[in-house]
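See below for the structure under consideration.
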Amino acid sequence: MKATAVARSNIALAKYWGKRDVPGNVPATPSLSVTLAGLSTRTTVAFDERGTDDVFVLGGVEVTGEPRARVIAVLDEVRRLAGVAHRARVDSANDFPTASGLASSASGFAALVHAAAAAAGVELSLAATSRMARRASASAARSVRGGFVSLGTGQDEADDPAAEVVAPETHWDLSVVVAAVTLDPKGTSSTTGMRHCRDTSPYYSAWLADAPKVFAEVRRAVLARDLEALGVAAEASALRMHACMMASAPALLYFQAATMTLLSEVRALRARGVGAWATIDAGPHVKVLVARADEARVAAALAPHAARVIVAHPGPGVELA
Ligand code: DP6
């Protein structure tokens, strides 16, 4: 009763930020992301009938508290489907900094669900895998699938949406230059930040009203392989989400000084004729969308302002190792 799965992180081009008021962690905004090769989590789940407790090890260190509780919730769901009570050992490792805004929860929960189901002998469709990953962390629903992936808000899908492939990873050889500002863990989790934004930001309802329009534009641009249209829409999605966060009370401010420096650098690149557009998640890091031919010069331009630069490309969905 042991299996290993590998899943890749994803970066949302149209952001999910906010939850609907229904059970099961259903997003309030439709999102569209690209799954990235090279930012991966490898997770082994071993159920043991003699085990006395669930153990979660991340990067060689045993983890307790809230992160472990979220892992156990997934294990419980799988145990219920499999009709077993065995405790499990979960061994997970990222090949990029954990909890740094580089969406390790997305690849982490996608890999966990896939490995746990396989280890327990439960056959799950990709849609069912994606739904289970969504309940753990909604962005993880998208990492179950490869390439360009959307996740809806569920109204017409019995409030239980699964991620869908908008276009496979072979559709568009886009580059994402990730400029990590710091390797420290972030301050406020997405889940907490979303709740705070909903409860205190006067811009929250405007964000919810606008997000589907930006999503439609991102989707159209991805299907048309139109980098400029995608870049403009993706930057709008990210900056409007951050405007909503910054308007919360007290303000939810994920930007650091280097975040602004990197944003300025991206604008300077554009002024020099390089097609580069930025997106930022619930952390200070700046991820830049560029054509493959420009990735080296953009990475070189961002490197002096970043703790680390990673160049990533569209990658596959979750798979057993
Ligand atoms: C800013 O998926 O981490 O990265 O469902 O509460 O676990 P939970 O939130 P999570 O939120 C991701 C937010 C985002 C945008 C995105 O990935 O769409």
Side-chain angles (χ1 to χ4, degrees), residues 7-36 39 41 66-67 69-71 73-74 94 96 98-110 112-113 130-145 148-154 160-163 166 176 178 185-198 201 204 207-208 211-212 214-215 218-219 233-246 248 252-255 259 278-287:
R8 287 89 193 164
S9 181
N10 71 74
I11 280 172
L13 307 169
K15 303 296 185 192
Y16 146 56
W17 190 256
K19 299 170 194 290
R20 288 186 49 215
D21 193 14
V22 295
N25 199 33
V26 181
T29 65
S31 57
L32 197 156
S33 59
V34 54
T35 302
L36 297 174
L39 294 172
T41 301
E66 172 67 18
R70 288 176 80 172
V71 166
V74 171
N94 295 324
F96 57 96
T98 300
S100 59
L102 297 181
S104 61
S105 78
S107 50
F109 284 110
L112 173 66
V113 170
S130 176
R131 289 190 183 100
M132 199 186 285
R134 186 206 74 231
R135 289 190 279 275
S137 183
S139 56
R142 300 185 310 238
S143 274
V144 169
R145 310 304 304 264
F148 299 84
V149 180
S150 68
L151 178 65
T153 56
D160 195 14
V166 171
V176 181
V178 179
K186 65 182 168 185
T188 307
S189 78
S190 301
T191 309
T192 305
M194 284 181 206
R195 199 181 310 122
H196 182 62
C197 215
R198 180 201 62 195
S201 178
Y204 186 67
W207 157 253
L208 293 187
V214 179
F215 168 82
V218 164
R219 190 171 188 282
E235 235 183 61
S237 178
L239 293 179
R240 287 172 196 177
M241 177 182 76
H242 280 276
C244 182
M245 297 164 168
M246 288 179 201
S248 302
L252 186 54
L253 189 60
Y254 285 106
F255 284 25
T259 311
T279 182
I280 305 170
D281 290 304
H285 317 294
V286 179
K287 297 122 185 191

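Keep in mind the model is a prediction, meaning the values are calculated, not measured. One-based numbering, in listed order, for ligands and for the atoms of each.
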Tell me, with the steps shown, if S143 and N10 meet side-chain hydrogen bond (donor to acceptor under 3.5 Å, both in side chains). CA-CA 6 Å; S143 274; N10 71 74; 2.9 Å; yes
Please lay out, stage by stage, how K15 and S33 fare under the test side-chain hydrogen bond (donor to acceptor under 3.5 Å, both in side chains). CA-CA 8 Å; K15 303 296 185 192; S33 59; over 6 Å; no
Report the C-alpha distance between R142 and S31 in whole Å, list the side-chain angles of each, state the deciding distance to 0.1 Å, and finish with yes or no for side-chain hydrogen bond (donor to acceptor under 3.5 Å, both in side chains). CA-CA 9 Å; R142 300 185 310 238; S31 57; 2.8 Å; yes
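On a distance-only criterion, W17 and ligand 1 share no N/O pair closer than 3.5 Å. Considering backbone and side-chain atoms alike, S137 places an N or O below 3.5 Å from some N or O of ligand 1. Looking at ligand 1, you won't find any N or O of N10 less than 3.5 Å from one of its N or O atoms.
Distance check, rounded to the nearest 0.5 Å: CZ of R219 to OG of S150 gives 6.5 Å.
Atoms of ligand 1 found under 4.0 Å from any heavy atom of R142, numbered from 1 in the order shown, are 16 (C), 17 (O), 18 (O). The distance from ligand 1 to the heavy atoms of A282 drops below 4.0 Å at these ligand atoms: 1 (C). Of all atoms in ligand 1, numbered sequentially from 1 with element shown, those under 4.0 Å from a heavy atom of K19 are 5 (O), 6 (O), 8 (P). For ligand 1, the atoms closer than 4.0 angstrom to any heavy atom of S105 are 3 (O). Ligand 1 places these atoms under 4.0 Å from at least one heavy atom of R70: 7 (O). Heavy-atom contacts of N25 reach the following atoms of ligand 1: 5 (O) (cutoff under 4.0 Å). Atom numbering of ligand 1 starts at 1 in the shown order; those under 4.0 Å from a heavy atom of T191 are 6 (O), 7 (O), 8 (P).
Note on ring orientation: taking the six-membered ring where Trp is involved, the planes of H242 and F255 are tilted (angle from 30° to 60°).
Among A12, S139, S33, the residue whose heavy atom lies closest to atom 2 (O) of ligand 1 is S139.
In terms of heavy-atom proximity, C244 sits nearest to S201 at O-OG, 2.7 Å. Of all non-hydrogen atoms in W17 and W207, the two that sit nearest each other are O-NE1, 2.9 Å. Of all heavy-atom pairs spanning L208 and A28, the tightest one is CD2-CB, 3.8 Å.
S9 and S107 share no side-chain donor-acceptor pair at under 3.5 Å.
When non-hydrogen atoms are compared, ligand 1 lies under 4.0 Å from neither the backbone nor the side chain of R134. Neither the backbone nor the side chain of R135 has any atom closer than 4.0 Å to an atom of ligand 1 (non-hydrogen atoms only).
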